Asks: 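Below is the structure I would like to discuss, written out as structure tokens.
Numbers here simply count residues along the sequence, with the first being 1. Keep in mind the model is a prediction, meaning the values are calculated, not measured.
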Amino acid sequence: MEGLVLKTGGKLEYANAAVDETGNAFDTEVTENAVSYLMDSVRFEGEVYVRDIFALLESNPVLLQVFARMHASEYLDEAREVSARPYIGEYDPEGIEYLELCPDWEMDNLTGLVTERHRLCLRGVGFELREEFKFSGCSYEKGNRIRYAIAYSPLADLLNLPARIETEVHVTHGDDDAENFLGAHRTVHVSPTLGQVIDGVLYEISFGGSPTDKAGLANSLKALADDDEQWTTYDSAEDLLRSMGLAEYLGRAAR
């Protein structure tokens with residue numbers, strides 16, 4: 001198959017449609033020239049892990065400038081230094097089996113117009129449940145998967161998790177007055193670019209700022225969670241983020 005391919009170890013190849021005398025496609029490694037392929041659609045081949053995204057950054061210092069707003073350099077330094085948590089892959093109803101990069105589009109209930117968001121979301125996907133399971137006050141039926149926000153997860157917990165690209169967009173109603181709010185209205189297929197993939201991973205990991213800022217914010221949230229009286233001063237997640245200087249994340253928090 002022709003096109004850009006990311007493999008285990010952060011190896012990037014461009015498969016050519018032409019074939020050699022044995023019928024095999026010509027594959028050209030472009031790992032150290034990734035910046036030239038940021039606008040190309042990419043697919044994963046084999047198991048690709050979060051650590052492989054950082055391996056690609058390691059091979060391409062120029063990418064640290066491209067993604068400087070997401071503190072790419074600081075998080076690469078952290079990825080070099082931390083002891084990554086091993087990925088066991090054994091069934092755990094509360095565990096994460098893999099991370100999913102997925103498009104997030106919605107349809108206006110009144111106009112029918114679709115908002116096509118460029119940025120991919122990164123979320124944790126739990127194991128397929130083998131029985132009915134209750135988690136955080138919600139009941140999940142057998143066969144379902146629990147989706148997790150991973151914004152404040154330590155980088156060490158994420159590096160060895162496999163990542164996948166979801167190419168199906170389930171367009172949802174964005175109006176909370178809609179009869180089928182957040183229910184899928186229609187499904188379309190997309191081909192995310194290499195730039196979107198790197199951006200999606202770094203954007204979620206850098207939620208809250210640099211590693212130092214993120215650690216401080218996480219500690220503040222933990223302290224806030226233990227203070228029932230303090231929680232009552234905020235009417236919504238949006239108010240909380242504004243109070244913590246994180247207004248830029250309001251759109252995502254609302255979703």
Side-chain angles (χ1 to χ4, degrees), residues 48-54 57 64 67-79 81-85 87 92 94-106 117-127 135-138 140 145-166 172 174 182 192 195-227 230-231 234 236-255:
V48 173
Y49 304 85
V50 173
R51 64 175 184 263
D52 296 329
I53 301 299
F54 285 96
L57 294 176
L64 302 180
F67 297 99
R69 290 176 59 195
M70 279 155 270
H71 308 279
S73 182
E74 294 97 319
Y75 280 101
L76 176 58
D77 288 340
E78 183 178 7
E81 296 170 0
V82 298
S83 297
R85 183 178 181 180
Y87 176 67
D92 178 356
E94 295 186 24
I96 293 176
E97 182 178 7
Y98 60 91
L99 298 179
E100 181 180 68
L101 283 156
C102 54
D104 179 25
W105 297 5
E106 68 179 25
R117 294 184 177 87
H118 174 76
R119 175 162 283 137
L120 301 176
C121 295
L122 180 68
R123 60 189 181 185
V125 180
F127 291 85
F135 181 77
S136 295
C138 299
Y140 296 87
R145 294 178 182 269
I146 302 174
R147 262 67 180 182
Y148 298 92
I150 54 91
Y152 293 107
S153 299
L155 183 58
D157 290 353
L158 303 176
L159 287 173
N160 285 332
L161 286 176
R164 301 179 186 177
I165 300 174
E166 175 56 76
T172 62
L182 292 186
Q196 284 179 287
V197 167
I198 299 173
D199 173 89
V201 171
L202 290 177
Y203 184 74
E204 197 70 27
I205 287 175
S206 66
F207 185 92
S210 69
T212 300
D213 293 336
K214 180 178 173 179
L217 182 58
N219 290 334
S220 297
L221 289 173
K222 289 177 182 177
L224 194 60
D226 295 331
D227 188 341
Q230 180 68 14
W231 272 113
Y234 303 103
S236 65
E238 288 86 347
D239 289 342
L240 173 60
L241 289 177
R242 286 194 183 94
S243 74
M244 304 185 85
L246 296 174
E248 65 180 292
Y249 297 105
L250 286 176
R252 184 168 59 173
R255 297 195 59 74

Asks: Could you pull out the closest heavy-atom pair between Leu158 and Ser153, with the gap in Å?
Replies: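 Smallest interatomic distance, heavy atoms only, reads CD2-CB, 3.9 Å.
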Asks: Not counting sequence neighbours, which residues clear side chain to side chain donor-acceptor pair (under 3.5 Å) with Asp157? List them please.
Replies: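 Checked Asp157 against side chain to side chain donor-acceptor pair (under 3.5 Å); zero matches.
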Asks: Quick one: salt bridge (charged side-chain N to carboxylate O under 4.0 Å, His left out) partners of Glu97, sequence neighbours excluded?
Replies: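 For Glu97 the salt bridge (charged side-chain N to carboxylate O under 4.0 Å, His left out) partners, ignoring immediate neighbours, are Arg145.
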Asks: With rounding to the nearest 0.5 Å, note down the distance linking CG in Leu101 to CG in Leu122.
Replies: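 Rounded to the nearest 0.5 Å, the CG-CG separation comes out at 5.0 Å.
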Asks: Go through the structure and list residues passing side chain to side chain contact (heavy atoms under 4.5 Å, CB included) with Pro162, not counting sequence neighbours.
Replies: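 So Pro162 forms a side chain to side chain contact (heavy atoms under 4.5 Å, CB included) with Glu47, Tyr49, Tyr87, Tyr98.
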Asks: Rounded to the nearest 0.5 Å, what separation is found between the CD1 atom of Ile146 and the OG atom of Ser136?
Replies: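 Ile146 atom CD1 to Ser136 atom OG measures 8.0 Å (nearest 0.5 Å).
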Asks: Apply salt bridge (charged side-chain N to carboxylate O under 4.0 Å, His left out) to Asp52 and list each qualifying residue two or more places apart in sequence or on a separate chain.
Replies: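 Asp52 satisfies salt bridge (charged side-chain N to carboxylate O under 4.0 Å, His left out) with no other residue.
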Asks: Do Phe54 and Tyr75 make a side-chain contact, defined as non-hydrogen atoms from C-beta onward lying under 4.5 Å apart?
Replies: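 Phe54 reaches Tyr75 side chain to side chain.
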Asks: Holding to salt bridge (charged side-chain N to carboxylate O under 4.0 Å, His left out), I want the full list of residues that pass it with Asp92, two or more places apart in sequence or in another chain.
Replies: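 Residues passing salt bridge (charged side-chain N to carboxylate O under 4.0 Å, His left out) with Asp92: none at all.
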Asks: By side chain to side chain contact (heavy atoms under 4.5 Å, CB included), which residues pair with Ala163, not counting sequence neighbours?
Replies: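 Per chain and number, Ala163 pairs via side chain to side chain contact (heavy atoms under 4.5 Å, CB included) with Phe44.
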Asks: Could I get the full list of side chain to side chain donor-acceptor pair (under 3.5 Å) partners for Ser210, not counting sequence neighbours?
Replies: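 Ser210: side chain to side chain donor-acceptor pair (under 3.5 Å) contacts with Asp213.
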Asks: So do Leu120 and Glu204 actually touch side chain to side chain, heavy atoms under 4.5 Å?
Replies: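 Side-chain contact under 4.5 Å: no.
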Asks: Quick one: do Ile198 and Leu57 satisfy side chain to side chain contact (heavy atoms under 4.5 Å, CB included)? Show the steps, please.
Replies: CA-CA 9 Å; Ile198 299 173; Leu57 294 176; 4.3 Å; yes
Asks: Heavy atoms only: give me the nearest Ser83-Ala156 pair and the separation to one decimal.
Replies: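 Heavy-atom minimum between the residues: O-CB, 3.5 Å.
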Asks: Measuring from atom CD1 of Ile150 to atom CD1 of Ile205, what distance do you get when rounded to the nearest 0.5 angstrom?
Replies: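 The distance works out to 6.0 Å.
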Asks: Are any of the side-chain heavy atoms of Val125 and Ile96 separated by less than 4.5 Å?
Replies: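 Val125 does not reach Ile96 side chain to side chain.
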Asks: Considering residues at least two apart in sequence or located in another chain, which fulfil the salt bridge (charged side-chain N to carboxylate O under 4.0 Å, His left out) criterion with Glu100?
Replies: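 For Glu100, the residues satisfying salt bridge (charged side-chain N to carboxylate O under 4.0 Å, His left out) (neighbours in sequence not counted) are Arg123.
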Asks: Can you sort out the partners of Phe127 under ring-ring contact (aromatic ring centres under 6.0 Å, His included), two or more places apart, ordered by chain and number?
Replies: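 ring-ring contact (aromatic ring centres under 6.0 Å, His included) check on Phe127 returns Tyr91.
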Asks: Does the side chain of Phe67 come within less than 4.5 Å of Asp199's, by heavy atoms?
Replies: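 Of all side-chain heavy-atom pairs linking Phe67 with Asp199, at least one is under 4.5 Å.
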Asks: Kindly indicate whether the side chain of Gln196, heavy atoms from C-beta on, has any atom under 4.5 Å from the side chain of Arg119.
Replies: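 No. Closest side-chain heavy atoms not under 4.5 Å.
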Asks: Are Asn160 and Arg85 linked by a side-chain donor-acceptor pair shorter than 3.5 Å?
Replies: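 No, no side-chain donor-acceptor pair sits under 3.5 Å.
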Asks: Verify, without hydrogens or angle tests, whether Lys214 (side chain) and Pro154 (backbone) share a donor-acceptor contact under 3.5 angstrom.
Replies: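 Side chain of Lys214 to backbone of Pro154: no pair is present.
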Asks: Provide the closest heavy-atom pair for Ser206 versus Met70 in the form atom of the first, atom of the second, distance.
Replies: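 Distance-wise, the nearest heavy atoms are CB-O, 3.4 Å.
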Asks: Looking at residues at least two apart in the chain, or sitting in another chain, which of them share a ring-ring contact (aromatic ring centres under 6.0 Å, His included) with Tyr140?
Replies: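 Here no residue qualifies.
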Asks: Drop me the distance from Ile53's CD1 to Leu202's CG, to the nearest 0.5 angstrom.
Replies: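 Result: 8.0 Å between the selected atoms.
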Asks: CG of Asp104 to SG of Cys121: how many Å apart, nearest 0.5 Å?
Replies: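 Taking CG in Asp104 and SG in Cys121, the distance rounds to 4.0 Å.
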Asks: Supply the atom-to-atom distance His71 NE2 to Asp77 CG, rounded to the nearest 0.5 angstrom.
Replies: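 One finds 13.0 Å between NE2 of His71 and CG of Asp77.
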